[in-house]
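Presented below is the structure to which this report refers.
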Amino acid sequence: MSISNQVRHNLQAIEQSMRDLALWQLMPPEAEAFASTEPFCIDSMLAEEWLQWVLLPRMHALLDANAPLPTRFAITPYFEEALKDKQPSCLPLLVLLQRLDSLLNIEL
């Protein structure tokens, strides 16, 4: 299976995990939240909001456009900290995020 297909499959698994954990939201954050210049929109979104409304759509857009995927990628440490109050229930999601990190950290 190609890296692109593995990433796409992992993104779908992340979405399903978020739904299973009741972290998936029906309504996006306010438009102003997307204007943040902070990493992970930390000043305007919860970690799970950023994952759902920023990262997943951007990654799918890259895959759909056959654009290069990031090769230096590490989001798991942020999510370990952001979701620490929700662990151990979030462990399956963290495992999937770690898998995404591993898939995208490619030595060129």
Side-chain angles (χ1 to χ4, degrees):
M1 183 184 299
S2 72
I3 293 292
S4 293
N5 285 340
Q6 291 178 58
V7 169
R8 189 179 301 277
H9 179 73
N10 191 252
L11 295 174
Q12 292 165 344
I14 289 168
E15 177 179 337
Q16 186 58 55
S17 181
M18 290 179 70
R19 289 179 187 277
D20 294 346
L21 294 166
L23 296 175
W24 195 258
Q25 300 175 1
L26 297 178
M27 299 295 296
E30 297 295 323
E32 300 82 39
F34 291 90
S36 172
T37 59
E38 295 295 319
F40 305 102
C41 298
I42 196 167
D43 60 337
S44 61
M45 292 185 194
L46 297 172
E48 56 268 27
E49 290 175 320
W50 179 84
L51 184 58
Q52 177 181 348
W53 300 103
V54 178
L55 181 71
L56 292 177
R58 286 184 184 173
M59 292 298 295
H60 281 293
L62 289 173
L63 290 165
D64 293 346
N66 291 318
L69 296 173
T71 56
R72 292 183 178 213
F73 198 84
I75 62 171
T76 304
Y78 169 63
F79 281 91
E80 288 172 340
E81 180 63 26
L83 300 175
K84 69 181 175 188
D85 294 335
K86 297 177 182 173
Q87 287 186 11
S89 63
C90 287
L91 189 58
L93 176 59
L94 293 172
V95 168
L96 292 168
L97 294 173
Q98 180 60 57
R99 186 175 302 147
L100 184 63
D101 283 355
S102 296
L103 283 169
L104 294 175
N105 278 310
I106 301 167
E107 293 293 325
L108 298 175

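Numbers for residues simply follow the sequence, beginning at 1. As the structure is a computational prediction, the values presented were derived from the model and not from experiment.
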Flag the pair L103 / N10 as yes when at least one side-chain heavy-atom distance between them is below 4.5 Å, and no otherwise. yes
Taking all heavy atoms of P70 and all of F73, pick out the closest pair and write down the distance. CG-CD1, 3.9 Å
At what distance, to the nearest 0.5 angstrom, does CH2 of W50 lie from CD of E38? 13.5 Å
If every non-hydrogen atom of D101 is compared with every non-hydrogen atom of I75, which pair is closest and at what distance? OD1-N, 3.0 Å
Heavy atoms of T76 and L94 approach each other most closely as CG2-O, 4.2 Å
S36 and S44: which non-hydrogen atoms are nearest, and at how many Å? CB-OG, 3.4 Å
I'd like to check L51 versus F79 (side-chain heavy atoms, cut-off strictly below 4.5 Å). Are they in contact? yes
Would you mind reporting whether V54 and M45 have side-chain heavy atoms less than 4.5 Å apart? yes
Taking the side chain as C-beta and beyond, is there a heavy-atom pair between L11 and L63 under 4.5 Å? yes
Please set out all donor-acceptor pairs under 3.5 angstrom arising from side-chain atoms of residues 17-30, sequence neighbours excluded.
| residue | atom | partner | partner atom | Å |
| --- | --- | --- | --- | --- |
| R19 | NE | E15 | OE2 | 3.1 |
| R19 | NH2 | E15 | OE2 | 2.8 |
| D20 | OD1 | Q16 | NE2 | 2.8 |

Hey, could you give me the CG/SG distance between L97 and C90, rounded to the nearest 0.5 Å? 9.5 Å
Should I14 and L100 be marked as a side-chain contact (heavy atoms from CB on, under 4.5 Å) after you check the CA-CA gap, both sets of side-chain angles, and the distance that decides it? CA-CA 9 Å; I14 289 168; L100 184 63; 4.0 Å; yes
Are L46 and Y78 connected, step by step, through hydrophobic side chains (Ile, Leu, Val, Met, Phe, Trp, Tyr) whose heavy atoms are closer than 4.5 Å? no
Let me confirm one number: the OG-CE distance from S4 to M59, rounded to the nearest 0.5 Å. 9.0 Å
What's the spacing between R58 CZ and W53 CH2 if we round to 0.5 Å? 14.0 Å
Can D64 and R8 be counted as an ion pair, charged N to O under 4.0 angstrom? yes
Rounded distance [0.5 Å steps], CG in L56 versus NE2 in H60: 5.5 Å
For K84, the option from E80, E81, K86 that meets side-chain contact (heavy atoms from CB on, under 4.5 Å): E81
I need the L55 CG to E49 CD distance, nearest 0.5 Å. 14.0 Å
